[in-house]
Asker: 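Structure provided below as structure tokens; questions to follow.
Order of appearance sets the numbers: ligands from 1, and atoms from 1 within every ligand.
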Amino acid sequence: MFRFILYTLLLIIVISIVKSVVGAVMKSFGNFAGRPDAPPRAKGRQSSAQLGGDLHRDPVCGTFVAESTAFQRRLGDQTFYYCSNACREKHALVTK
Ligand SMILES: [Zn+2]
């Protein structure tokens with residue numbers, strides 16, 4: 001008789017565990033189904049890169065400048081990007 005009670009308790013525990021697992025699986029399926037509505041992050045990154053190009057650090061004042069800036073200078077195989085013509089001239093004096 002004691003064994004019967006033990007098995008019944010075990011059965012109840014197993015059923016509750018299975019229930020919680022099934023609930024968690026259903027929840028994750030629900031999240032997965034909702035994902036296509038949200039915009040993917042990679043797309044946003046790509047468009048921002050297309051707009052301004054990569055950012056480069058101005059070696060004089062430390063400002064981050066877009067690759068499309070007019071103030072840039074090649075030195076050997078390295079290209080420097082500047083926020084303004086003043087920064088470019090300053091850097092030219094230092095690196096001469
Ligand atoms: Zn600068």
Asker: Ignoring water, what protein N, O or S atoms are under 2.8 Å from the Zn ion (ligand 1)?
Answerer: D58 OD2, C61 SG, C83 SG, C87 SG
Asker: Just do the side-chain contact (heavy atoms from CB on, under 4.5 Å) check on L10 and L6 with the steps written out, would you?
Answerer: CA-CA 6 Å; L10 205 72; L6 200 74; 6.0 Å; no
Asker: Give me the atom names and distance for the closest heavy-atom approach of V60 to C87.
Answerer: CG2-O, 3.2 Å
Asker: When rounded to the nearest 0.5 angstrom, what is the spacing between OG in S68 and CG in D54?
Answerer: 10.5 Å
Asker: With the side chain counted from C-beta on, respond yes when T95 and R73 share a heavy-atom pair under 4.5 Å apart, and no when they do not.
Answerer: yes
Asker: Looking at every non-hydrogen atom in both residues, tell me the closest pair between R88 and Q72 and how far apart they are.
Answerer: NH1-O, 3.5 Å
Asker: With sequence neighbours excluded, tell me which residues meet ring pair (Phe, Tyr, Trp, His ring centres under 6.0 Å) with H91.
Answerer: F80, Y82
